[in-house]
Protein chains: 2
Amino acid sequence: MASKEVLQLLPRDRPKPIHRWVYEVLRLNIIQLHMKPGRLLSETEMADFLSVSRTPVREAFIRLAEDGLLDILPQKGSVVSLIDLDQAQEARFVRLAVEREILKEACTRNLSTFKDIEENLAWQEECGGKGAYDQLLLADNEFHRILYRICHKERVWDAIKKLDYNYDRLRVMTLPIVGQRIIGEHREILQLVKDREVDRIETLLHRHLTWEIIEQVVFEYPSEYFKAIPVNGRMAQ
Amino acid sequence: MASKEVLQLLPRDRPKPIHRWVYEVLRLNIIQLHMKPGRLLSETEMADFLSVSRTPVREAFIRLAEDGLLDILPQKGSVVSLIDLDQAQEARFVRLAVEREILKEACTRNLSTFKDIEENLAWQEECGGKGAYDQLLLADNEFHRILYRICHKERVWDAIKKLDYNYDRLRVMTLPIVGQRIIGEHREILQLVKDREVDRIETLLHRHLTWEIIEQVVFEYPSEYFKAIPVNGRMAQ
DNA sequence: TTTACACTACTACCATACAAGTATGGCAAG
DNA sequence: CTTGCCATACTTGTATGGTAGTAGTGTAAA
């Protein structure tokens, strides 16, 4: 019983080029797992579905391939990329290395107000309460972006976010399970930043960006979704 | 007297799509400053120059815009992006954070052979001796890539390299001046990794990825090349 | 002299047609 | 039944025509 695929659309700003709109729609649906890893899709299919020509779809495909979300096989077809657990782990490595420095720096800054981040936490709890985990992913990302903004390094966040779209797909898998815990950790992080407890942040960050939950949840999903097949609770090639 | 522009071409692998070739050629020439920041260019111009149609050129343009090397102004034209010093500094921040962890990990590994990296250092010295600084940039990048490979994190390098193409353009400016010093520091880094001197590596890395030289060299170039104009030895908006 | 406006020459954007490579199914020969 | 081959229906890659928006110029009116 192949569950029917329901794709989410986005509003389309008129002056913005269509190829960007197509890109954003496809990226959203791939990350939110509305399009399963391994799903075949062709330029013409998406062009028909979105009622545009092949050109902007093709341009979006090229960008998605650049992001590692799509595999383009010339003269054969295109496939939503399988989730590469090794790559996701490397993305997590980058996140850890960079975010440690970000949080360290955040502790040194005098924050006139925590209004933004408090509002964000309220939004997160609203999402968690409603079970709107797709929204929670957005709120989660926004929380971390605010931390980068505090350090005047918002563009660093934008840049490294591109590195871990694969990691995002794994977080979509885990959020329904660990969503509440994640939100609590966010509160902890904020508190430690307020109290300037630099030393305790590192261990908390490791716990926050945990890999163990992912290893467990992966088994709930078909193994065809992954490049490296999970074996005996450990990842193997 | 506008110095005549001489672009460097690349061999063209037949099975590989043309748009990738176009992308690589343009990226090379932008990073090596053969195409100056602010240079106007259009799809038709590059299509004629490279003897291809507009389609693959356009696809390459979109990727270059994604990399921050090109600004596409719809219905107006495209411009080689100005060098954003603030963004370059943020890229350096990421490099520092990640590479510190990489080198720390490299110290813990048992290396059966340093052959690759020794060969690379020989290549660097050859480049430095000949004054082939465009080659030296490649060798420099390769040196760092090898360090990542030692930690089985080569893809981390590939990913973060995309973040600092702007930083690369600045390094092209500085290499003729600091090339020899850079090579020496590479030897130092290798030695510290061999000796597992984790603590001393951090300070060396900060010295290696220095920003002060860049601040000085920037003044040798026209201010129109930069987004943030250098004022009184400090960067201003 | 200054201002308003049409005209021209560009641009990126999008749609479409064609080319070339690949997988598949059916059919015929062994 | 198995094997080889060809026709066909896909796929992505490339070229080209047309559209809409922008900038700049020259001209005519105020």
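Just so we're on the same page: letters track the sequence lines, and every chain starts at 1. This is a predicted model, so every value here is computed, not measured.
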Whichever of B:Glu45 and A:Lys16 has its nearest DNA chain C nucleotide further upstream toward 5':
B:Glu45
Is the closest side-chain donor-acceptor distance between A:Asn166 and A:Gln87 under 3.5 Å?
yes
Between D:dA15 (P) and B:His19 (NE2): distance, integer Å
12 Å
Classify every nucleotide of nucleotides 19-24 of chain D by which part a protein heavy atom approaches to under 4.0 Å, writing B for the base, S for the sugar-phosphate alone and - for neither, in 5'-to-3' order.
--BSS-
Does a nitrogen or oxygen in the side chain of B:Ser78 sit under 4.0 Å from OP1 or OP2 of C:dT11?
no
Could you state the atom-to-atom distance from CD1 of B:Ile72 to C1' of C:dC14 in whole Å?
14 Å
Given atom CG of A:Asp48 and atom C1' of D:dC10, what is their separation to the nearest angstrom?
14 Å
Without decimals, in angstroms, what is the distance between A:Met46 CE and D:dT12 P?
12 Å
With heavy-atom distances below 4.5 Å as the criterion, would you say the side chains of A:Leu69 and A:Tyr23 are in contact?
no
Between P of D:dT14 and CZ of B:Arg20, the distance in whole Å
11 Å
Kindly write out the residues that satisfy side-chain hydrogen bond (donor to acceptor under 3.5 Å, both in side chains) with B:Glu154, not counting sequence neighbours, or none if the list is empty.
B:Arg149
B:Asn141 and B:Arg171: side-chain donor and acceptor closer than 3.5 Å?
yes
For C:dT11, does either OP1 or OP2 sit under 4.0 Å from a side-chain N or O belonging to B:Thr44?
yes
Those residues of residues 51-66 of chain A lying under 4.0 Å from DNA chain D by at least one heavy atom
A:Arg54, A:Arg58
Answer yes when B:Lys161 and B:Asp158 have at least one side-chain N-carboxylate O distance shorter than 4.0 Å, and no when they do not.
no
Going by atom types alone, do A:Arg27 and A:Tyr165 pair a side-chain donor with an acceptor below 3.5 Å?
yes
Does C:dC10 have its OP1 or OP2 closer than 4.0 Å to a side-chain nitrogen or oxygen of B:Ser42?
no
Give one of base, sugar-phosphate or nothing for A:Leu40, where a contact means two heavy atoms less than 4.0 Å apart.
nothing
Round to the nearest Å and state the distance from A:Leu41 atom CG to D:dT12 atom C1'.
12 Å
How many whole angstroms separate atom CD of B:Glu43 from atom C1' of D:dG17?
14 Å
Should the pair B:His144 and B:His186 be assigned to parallel (<30°), tilted (30 to 60°) or perpendicular (>60°) ring geometry?
perpendicular
For a 4.5 angstrom cut-off between non-hydrogen side-chain atoms, does B:Leu9 reach B:Leu50?
yes
Between A:Asp71 (CG) and D:dT11 (P), how many Å, whole number?
17 Å
Does a salt bridge link A:Arg63 with A:Glu59, judged by any charged N lying under 4.0 Å from a carboxylate O?
no
